[in-house]
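Step one of this worksheet: look at the structure below.
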Protein chains: 2
Amino acid sequence: MGATDLETRVLDATKSCCERFGMGKVTIDDICDACGVSRATIYRLFPGGRDVLFEALRVRELTEFFDVLTAGADGVDDIEDLVVTLVVVATRELRADEHLALMLASEPGDVLSQLTVDGFPRIIRVATDYLMPLLAPYLDPRFAEQLIELLVRTVISYFLAPSEHVDLGDPDSARAFLRPGLALLPPRPSERTFT
Amino acid sequence: MGATDLETRVLDATKSCCERFGMGKVTIDDICDACGVSRATIYRLFPGGRDVLFEALRVRELTEFFDVLTAGADGVDDIEDLVVTLVVVATRELRADEHLALMLASEPGDVLSQLTVDGFPRIIRVATDYLMPLLAPYLDPRFAEQLIELLVRTVISYFLAPSEHVDLGDPDSARAFLRPGLALLPPRPSERTFT
DNA sequence: GACGATGAGACACAAACTGTCTTAGTGTCT
DNA sequence: AGACACTAAGACAGTTTGTGTCTCATCGTC
């Protein structure tokens, strides 16, 4: 492999082409030009072509998002703090994502569909994969899964349509908003064995 | 005609589509969507289609440019000051043109061709139309035309490839740069009749 | 020199864009 | 009301462009 991984180069080029032209206008040849790779290579790298390539880009963006998120919640060892931190960091991360903002501005339909309909199951899946290990020490697994899904839905909703009353990017506001729900958290598995 | 002139709306939409997608990617339908006009109307307004439409946009941009330029040189009644002002204002106007910058970044080939080859004769033509009335009081017409052409070439060249020694956007620098040439200006027509 | 990987490009098929046309709807003027 | 000008909507054929698959030449590595 070259100086930078070939797949990485192709995906980077795809991302930048999306920003320049809008997803709907990007052609495979645009991407080839942008990263100096031949078409054959792209089809060899992403068998299935265009759709598979764009899927791969979405997956990469999503996992990058959760890498950053979990890193941002590293070391928090109280369940309430953890939930608040996850919500705050995730919200800030979404707001700071320039690529997301550009795509949201130029092709709202596709992006919204990715965030709320077609792409939503994958988001839940990846979120669960990444966050379950963090919540497992404090919560019953079944409950943790429900909580993760609820948090994802909440963060996305407040990101897309900010509230005048709550700012999930602000720790205090987020904590105040989340506390009523957090108070209802079932006892830890370890405690439950004693009741 | 509607609230805003139909042609204006179409050209505005064309411009904004060029910025979003790049000239090469814009379709007539994109423009229709952007300004809420039907395809038939565009082809009626710009018989000849795509090419004619883009030509019309270039013409509009160019005349707008010289409208601003001549307004910026209004009231200057010394030939040296006038030349310096024209050069400085034109340079600043080029540098401040976001649309131009965007196009230059995304489609250098086409834009450069418009500034230096294919579109150049038109620039000279329009520049002459606009600037001759300003220079006529001071210079022999034949000489004025040569001067205008030289100034256009100079401003464009220094805009595209800035010099380390001269900044044509700065009045002092521009004056120092232009003075040697200005000293050679032939006497005014009114003076010449007396020699 | 053999090998795996990449670039270049031919190819058939599908999709899209263009430019022209017809139709129907809308508002204006008399 | 009726004639008129103007426009949106969209059908249409012809062309261009893009896709995905393929083959073959090239390059660097072992």
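Side-chain atoms are counted along with the backbone in the values below, which use heavy atoms only and exclude waters and symmetry mates. Predicted, not measured: the structure shown is a model, and the values here were computed from it.
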- Rounded to the Å, how far apart are B:Glu7 CD and D:dT7 P? 12 Å
- With B for base contact, S for sugar-phosphate-only contact and - for none (protein heavy atoms under 4.0 Å), nucleotides 23-30 of chain D reads --------
- Message: Quick test of your reading of the model: are B:Asp12 and B:Arg60 salt-bridged, counting only N-O distances below 4.0 Å?
- Response: yes
- Message: Is there a side-chain contact between B:Tyr43 and the phosphate of C:dG19, meaning an N or O under 4.0 Å from OP1 or OP2?
- Response: yes
Tabulate below the donor-acceptor pairs under 3.5 Å that side-chain atoms of residues 172-183 of chain A make, not counting sequence neighbours, or state none.
from, atom 1, to, atom 2, distance (Å)
A:Ser173, OG, A:Asp167, N, 2.9
A:Arg175, NH1, A:Glu80, OE2, 2.9
A:Arg175, NH1, A:Asp81, OD1, 3.0
A:Arg175, NH2, A:Asp81, OD1, 2.9
A:Arg179, NH1, A:Glu80, OE2, 3.3

- Cut-off 3.5 Å, side chains only: do B:His99 and B:Glu61 have a donor facing an acceptor? no
- Please give, in whole Å, the distance from D:dA8 C1' to B:Leu6 CG? 12 Å
- Item | Charged N-O contact under 4.0 Å between A:Arg20 and A:Asp30 | no
- Please give, in whole Å, the distance from D:dT21 P to A:Leu53 CG? 13 Å
- Task: Determine, using the 4.5 Å side-chain heavy-atom cutoff (strictly less than), whether B:Val68 and B:Val84 are members of one ILVMFWY cluster.
- Result: no
- Message: Let's see if you get this right: which residues in residues 21-28 of chain A place a heavy atom under 4.0 Å from DNA chain D?
- Response: A:Thr27, A:Ile28
- Atom CD1 of A:Ile42 and atom C1' of D:dC22 are separated, to the nearest Å, by 17 Å
- Here the side-chain hydrogen bond (donor to acceptor under 3.5 Å, both in side chains) pairs for residues 114-126 of chain A, sequence neighbours left out, are A:Glu55-A:Arg122, A:Ser113-A:Asp118, A:Gln114-A:Arg122
Name each donor-acceptor pair under 3.5 Å that joins a side chain in residues 127-135 of chain A to protein atoms two or more places apart or in another chain, with its distance.
from, atom 1, to, atom 2, distance (Å)
A:Thr128, OG1, A:Ile124, O, 2.7
A:Tyr130, OH, A:Asp67, OD1, 3.0

- Query: Which ones in residues 29-39 of chain A lie close to DNA chain C, meaning a heavy atom under 4.0 Å from one of its atoms?
  - Reply: A:Gly36, A:Val37, A:Ser38, A:Arg39
- Task: Measure from CZ on B:Arg50 to C1' on D:dT17 and round the result to the nearest Å.
- Result: 12 Å
- Figure out the CZ/C1' separation between B:Phe54 and C:dG19, and round it to whole Å. 15 Å
- Item | Phosphate-side-chain proximity, A:Thr41 and C:dG7, N/O vs OP1/OP2 below 4.0 Å | yes
